[in-house]
Amino acid sequence: MIVLNLQTGRAAAKINLAIDVLRKRPDGYHDVKMIMQSVELYDTVTVKAVKGDIKVTSNTGGIPLGKENIAYKAAEYLKLKYNVKEGVQINIDKAIPVAAGLAGGSTDAALTLKLLNKLWNLRLSVNEIFEAGKKLGSDVPFCIQGGTALAEGLGEKLTLLPGIPDCLILLAKPALSISTKEVYEGLILEDVKERPDIMSIIKHINERNLEGIAANMCNVLETSTIKKYPQIEDLKKKFREHGALGSMMSGSGPTVFGLFRDAESAYNAYDYIKGMVSEIFVVKPGNRNRDF
Ligand code: ATP
């Protein structure tokens, strides 16, 4: 194997500060309206030019390493579309919990596109990278951009928002693995009692009002996930009893997060909750990516 070149970078996880599901489309997908927020919890992705095909390696056995890996799909898409003759070895050093509602796969794919653009000297524009991202998954375009954004359509239509005020975010993943597909299939829109007021959250983001953001967080996917896994509701309550300004399930779950004004309250809650979940992190909100 001849190593020609190497590129590496960090791929940030995301949380959702709000998720509304507007309607089920005739093709089975759902139109959504979400507020996305990057967080400083990262996988490290490294791409090496090699002769031959695409290979994926990882520090964890918890993700597929073949064609089903979304970073593999990102490489395969670029290779076919731009007629690339070289192969690539993609190593994913995973820190983001898998199947957790934190867009771990999407962010690996987003970074892989950017790294391969450099490695293979493709000279793709930002728009061409976004177009490739849309083909791979609806969270991929946001992961390419990062920061704070309103996401509409399937999640791929992005409007950049100002960053949220400085705070700490406690992320806690119960020992459950939840399939996004199942959550959407189990969602009965008529049963949804509470919907997020997205405009109000955007107003609080613009006014840099952390309490206002926290008080308005709402995720309609909780309707179907919590019905099946009531421990998620208990966890949300515990966050609030231990100083969170607001707590919510991220994405289709099961990760629950809380916003905290300061480190003392975040770490108090961390100490209380750590024995109840399989993975737990205190992180800061992430900024918009400027790496491409
Ligand atoms: P989202 O928040 O975008 O719905 P998620 O955080 O719930 O995503 P992922 O961690 O992306 O979920 O994993 C979803 C599925 O994708 C897993 O079952 C996993 O096997 C598969 N997968 C494929 N490639 C990857 C990857 N690079 N990292 C993590 N999971 C991957």
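Both counts, for ligands and for their atoms, begin at 1 and track the order of listing.
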Proximal ligand 1 atoms for I63, defined as those under 4.0 Å from one of its heavy atoms: 28 (N), 29 (C), 30 (N)
If only side-chain N and O atoms count, and only distance matters, is there a donor-acceptor pair under 3.5 Å linking T57 with N91? yes
Under 4.0 Å from a heavy atom of S106: give me the atoms of ligand 1 that qualify, with their elements. 3 (O)
For atom 4 (O) of ligand 1, the closest protein heavy atom turns out to be T180 OG1, 3.0 Å
Residue and atom name of the nearest protein heavy atom (relative to atom 11 (O) of ligand 1), distance in Å to one decimal: G105 N, 2.8 Å
To which protein heavy atom is atom 28 (N) of ligand 1 closest, and what is the distance rounded to 0.1 Å? K94 NZ, 3.1 Å
Test item: side-chain donor near acceptor, T148 and Q37, under 3.5 Å: yes
Options P64, A13, A99, G253, ranked by nearest heavy atom to atom 19 (C) of ligand 1, top entry: P64
Any idea which atoms of ligand 1 are less than 4.0 Å away from a heavy-atom of I92? 27 (N)
Ionic contact status for E131 with K134, cut-off 4.0 Å: yes
Contact check, side chains of N117 and L115, non-hydrogen atoms, under 4.5 Å: no
For ligand 1, is any non-hydrogen atom under 4.0 Å from A103's backbone (N, CA, C, O), its side chain (CB onward), both, or neither? both
Yes or no, since that's all I need: does a protein heavy atom fall within a distance strictly under 4.0 Å of atom 16 (O) of ligand 1? no
Salt-bridge present (K79, D53; N to O < 4.0 Å): no
Nitrogen or oxygen atoms of S252 and ligand 1 under 3.5 Å apart: no
What do you reckon, does I70 have a nitrogen or oxygen under 3.5 Å from a nitrogen or oxygen of ligand 1? yes
Less than 4.0 angstrom from a charged side-chain N to a carboxylate O is my criterion; do E185 and K181 meet it? yes
re atom 27 (N) of ligand 1, the protein heavy-atom contact at minimum distance is D108 OD2, 3.0 Å
So is G101 polar-close to ligand 1, meaning N/O to N/O under 3.5 Å? yes
State the atoms of ligand 1, each with its element, that fall below the 4.0 Å cut-off from a heavy-atom position in K14. 2 (O)
Would you please say whether a donor-acceptor pair under 3.5 Å links the side chains of R10 and T44? no
Side chain, backbone, both or neither: which part of E68 comes within less than 4.0 Å of ligand 1 when only heavy atoms are counted? backbone
Any luck finding a side-chain donor-acceptor pair between N69 and K67 under 3.5 Å? no
Can a salt bridge be assigned to the pair E222 and K236 using a cut-off of 4.0 Å between side-chain N and carboxylate O? yes
Flag V98 as yes when one of its N or O atoms lies below 3.5 Å from any N or O atom of ligand 1, and as no otherwise. no
Salt-bridge present (K73, E68; N to O < 4.0 Å): no
salt_bridge(E86, K51) N-O dist < 4.0 Å: no
Checking heavy atoms under 4.0 Å, the part of D139 that sits near ligand 1 is side chain
